[in-house]
Protein chains: 2
Amino acid sequence: MVGIDDVAKHAGVSTATVSRALSGRGYVSDATRAKVSASAEHLDYVVSSNASSLASGRTRNVGIVVPFLSEWYFSSVVEGAETALLRRGYDLTLYNLTGGGDDRRSVFEHFLLRRRVDAVIAVSLELSDDEVSSLHSLGKPLVSVGGVLPGVPSLTVVDSAMTSLSTEHLLSLGHTRIAHIGADSAFDRDFKVPTYRRKGYEQALRDAGITPDPALFRAADFTMKGGFRAAKQLLGQPRDRPTAIVAASDEMAIGSILAARDLGLNVPGDVSVSGVDDHQLADFFGLTTVAQFPKRQGERAVELLMEHLEPAPGSAQPAADLSSAERVPVPFELVVRSSTAAPKPSTA
Amino acid sequence: MVGIDDVAKHAGVSTATVSRALSGRGYVSDATRAKVSASAEHLDYVVSSNASSLASGRTRNVGIVVPFLSEWYFSSVVEGAETALLRRGYDLTLYNLTGGGDDRRSVFEHFLLRRRVDAVIAVSLELSDDEVSSLHSLGKPLVSVGGVLPGVPSLTVVDSAMTSLSTEHLLSLGHTRIAHIGADSAFDRDFKVPTYRRKGYEQALRDAGITPDPALFRAADFTMKGGFRAAKQLLGQPRDRPTAIVAASDEMAIGSILAARDLGLNVPGDVSVSGVDDHQLADFFGLTTVAQFPKRQGERAVELLMEHLEPAPGSAQPAADLSSAERVPVPFELVVRSSTAAPKPSTA
DNA sequence: GTGAAAGCGCTAACAT
DNA sequence: ATGTTAGCGCTTTCAC
């Protein structure tokens, strides 16, 4: 196993110089740097991250904690973060809380504390105050993606704004009987996302002078099947059928489209449907939706962390910035496809 | 930052004893062990994994390399592996090769070599000989999931057997005009999975005395949209329409179901459809499919690695076993739902 | 700009 | 069963 002194010997310099040349910290003449790089390359030298971390206190590794992995949103955030980290020479250690209870405890009490990470990204995770402070007390930068954590910079879309947007889109097309498929508070895991999305829908209606009709709301579990069932209820009504459905997620929206087809209804002819996410299947189903960009969110989280892990020369108190920027808004955008259109002139 | 000597002091023993008591290697009396554990707990002590790794050479960290993350199969394998590792006190470092070219090189040339992992799991990755040997030369155990790597124990289903199975299922229901949607070799990334699946279909037909008809094959890209398009071609034929479709993936199978509906055909009345995977959406669509269990595959990969990272007392040459067990078959199973049925008696 | 040397916090002989 | 001690392979003062 070739070590730093092999390189030093080969290059005819000291180990200190090798370290400086390769890590970029401290002064090394260009000539020396080149010589050292050549030797390192020649010998296939790679630093031992353990030794390096032990000596420097930096691990060049970031932990990311997710509640699930096999859902589109989460795996996309992770993918974005991973790409951004890789590019900067960092590793990504994944902690998946799927297991629940004990697993979760052990992640916080042992894993993250093993001093193996420089920073932590929490994705759509509601952390207890204890958990947040245990992270803070380690002096590890922490950012949240997809949910607001008290005292933690949080990259997150304004959920209510997304459904307001799609509701407004439908209103502007001339719809007035607009239904909503989302979830009531019983389904509120993850930061009350469902509730906020429902509020956005209701607000948009009110702003247009329409009182939200409870009969036009159906709770569902954010899956395609759930959306399918809910839409069946909504669209099966023999009279006063809604002319549009605002679903709180693309999967539910797609379920709604399938339900409409099942009932012999044409989308968007008889009913318009919109979703939220811009899921990979949205395009195939021609779904109008409000896109959020989870990969981008993962990348942004990394950028934010980097400002604090590797502050640009000339910034003063980076740590202060981090905790002050409580909420970092992330972009979203209406993507209009073929599942929404003006309602048919009421020939009834 | 409380260190090992704080614990030693508090417990009134030497650091060596603390290390032994906490790691479980070497002899410690029960009484001492209890005392040390209590002190460690009391002081909120957690080992520095870097110091520990540096001194011992073990990292308690496993690298997993995947080509994509936001696909169901990959994220499921990772999830399974992560759960299994967490349970054993290991971390999981994720390397995502989505980026392609340069990223890939750097993963192999730098990241994995930083001595940060004890072992590597490669998921559906075709590694070059150089890459395999660079891993081998590090003495890191390597297992492959979802594809066979030369000289590497590989957890993988026999792809041809999966499509044989679903084809036989359809044959046994009485179908004879059975189409296949898969991919030709042009789409062969990942170990020629598409080709093997096609071969399984053809073999089952031949075994039943039927010559595969090239007109009943359509290439697609493994997506729902691709399956949809291919099925439209197949099912749009005015005459000699197939009565069944064997798709090489669930997404394509679901696309086929939607195409059939679009054409006014009833599934399974007019056409039966089967897939491969048991994707999360399979149940919703009532899809008959051949399930593989990616989470389980991830767990098994970890179990295999553990036999070599932490050999049970009394095993001789574990490393030898690992490289000798070239192909470790993993289970798969036919899941019959409502998308397949006997063909209608040909009233034509 | 470069080198010498003192650790970083643990583990593993070895000794007892 | 427990203590002593020499590293593990780097980074980083501090001199020069």
Side-chain angles (χ1 to χ4, degrees), chain A residues 1-37 39-40 43-61 89 110 113-118 138-139 309-310, chain B residues 1-37 39-40 43-61 89 110 113-118 138-139 309-310:
Chain A
M1 194 101 302
V2 23
I4 198 172
D5 10 65
D6 297 311
V7 179
K9 209 161 297 169
H10 184 100
V13 297
S14 72
T15 61
T17 299
V18 174
S19 175
R20 282 189 285 251
L22 262 27
S23 70
R25 345 187 132 254
Y27 297 100
V28 189
S29 74
D30 287 351
T32 309
R33 184 187 307 283
K35 204 168 47 179
V36 170
S37 302
S39 298
L43 298 173
D44 278 334
Y45 169 74
V46 267
V47 298
S48 154
S49 55
N50 288 312
S52 169
S53 301
L54 182 57
S56 70
R58 279 172 267 100
T59 67
R60 296 186 79 79
N61 187 29
H110 298 293
L113 305 179
R114 281 204 288 203
R115 308 157 164 89
R116 200 174 243 165
V117 298
D118 289 336
L138 287 172
L309 294 179
E310 304 184 342
Chain B
M1 193 102 301
V2 22
I4 198 172
D5 12 64
D6 298 310
V7 179
K9 211 162 295 168
H10 184 99
V13 296
S14 72
T15 61
T17 301
V18 173
S19 175
R20 282 188 286 250
L22 262 27
S23 70
R25 342 186 133 254
Y27 297 101
V28 189
S29 74
D30 287 352
T32 308
R33 184 187 307 281
K35 203 167 48 180
V36 171
S37 302
S39 298
L43 298 172
D44 278 335
Y45 169 74
V46 268
V47 299
S48 154
S49 55
N50 287 313
S52 169
S53 300
L54 183 56
S56 70
R58 278 173 265 100
T59 66
R60 296 188 79 79
N61 187 29
H110 298 292
L113 305 179
R114 281 205 289 203
R115 310 154 164 89
R116 200 174 243 165
V117 298
D118 289 337
L138 286 172
L309 294 179
E310 304 184 341

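Below, read A as the first sequence line, B as the second, and so on, with proteins coming before strands; counting in each chain starts at 1. Values reported hereafter were calculated over all heavy atoms of this structure, with side chains retained and with hydrogens, waters and symmetry mates removed.
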query = What's the closest nucleotide to the B:A16 side chain, out of C:dA4, D:dT11, D:dG3?
reply = D:dG3
query = Between D:dG3, D:dG9, C:dC10, which one does the side chain of B:I4 approach most closely?
reply = C:dC10
key: Point-to-point distance, once rounded to the nearest 0.5 Å, from CZ of A:R58 to CG of A:D118   = 8.0 Å
request  = Check whether any side-chain nitrogen or oxygen of A:S52 sits under 4.0 Å from OP1 or OP2 of D:dT11, and answer yes or no.
outcome  = yes
ask   = Side chains of A:S29 and A:T32: do they bring a donor and an acceptor to under 3.5 Å?
value = yes
side-chain contact (heavy atoms from CB on, under 4.5 Å) evaluation trace for A:R20 with A:V36 = CA-CA 10 Å; A:R20 282 189 285 251; A:V36 170; over 6 Å; no
key: CG on B:D30 to NZ on B:K35, rounded to 0.5 Å   = 12.5 Å
ask   = Rounded to whole angstroms, how far apart are CG on B:D6 and P on C:dC8?
value = 12 Å
inquiry  = Base, sugar-phosphate or nothing for A:V18? Non-hydrogen atoms, less than 4.0 Å.
reply    = nothing
Report all side-chain donor-acceptor pairs from residues 4-12 of chain A shorter than 3.5 Å, counting only partners two or more places apart or in another chain.
| from | atom 1 | to | atom 2 | distance (Å) |
| --- | --- | --- | --- | --- |
| A:D6 | OD2 | A:G3 | N | 2.7 |

ask   = Separation of B:L22 atom CG from C:dA12 atom C1', in whole Å?
value = 16 Å
ask   = NA contact type, A:T32, heavy-atom cut-off 4.0 Å: base, sugar-phosphate, or nothing?
value = sugar-phosphate
message = Please report the distance, rounded to the nearest Å, between CG in A:D30 and P in C:dG1.
response = 10 Å
ask   = Between D:dT11, C:dG9, D:dG9, which one does the side chain of B:S48 approach most closely?
value = C:dG9
message = Tell me if the side-chain of B:R20 makes a donor-acceptor pair with the base of D:dG3, cut-off 3.5 Å, by modelled atom types.
response = yes
inquiry  = Applying a 4.0 Å non-hydrogen cut-off, can you work out what A:R58 is touching in the nucleic acid: base, sugar-phosphate, or nothing?
reply    = sugar-phosphate
note = Whole-Å distance, A:R25 CZ to D:dC10 C1', equals 13 Å
key: Donor + acceptor pair across side chains of A:S52, A:S49 (<3.5 Å)   = no
inquiry  = Please pick, from D:dG9, D:dT12, D:dT2, the nucleotide with the shortest atom-to-atom distance to any side-chain atom of A:L54.
reply    = D:dG9
Gap between atoms OH and P, on A:Y45 and D:dG9 respectively (whole Å) = 10 Å
query = With distance as the sole test, does A:N61 use its side chain to make a donor-acceptor pair with the main-chain N or O of A:R116 at under 3.5 Å?
reply = yes
ask   = Considering the terminal five base pairs at each end of the helix from C:dG1-D:dC16 to C:dT16-D:dA1, what angle separates the two local helix axes, rounded to 10°?
value = 30°
inquiry  = I want to verify a distance call: between C:dA12, D:dT11, D:dC8, whose nearest atom is closest to the B:A55 side chain?
reply    = D:dC8
ask   = Side chain of B:V28: nearest nucleotide among C:dT11, C:dG3, D:dT2?
value = D:dT2
inquiry  = Output the rounded distance in Å from CG (B:N50) to C1' (D:dG7).
reply    = 17 Å
task = Could you tell me whether B:S29 contacts a base, only the sugar-phosphate backbone, or nothing, with contacts defined as non-hydrogen atoms closer than 4.0 Å?
result = sugar-phosphate
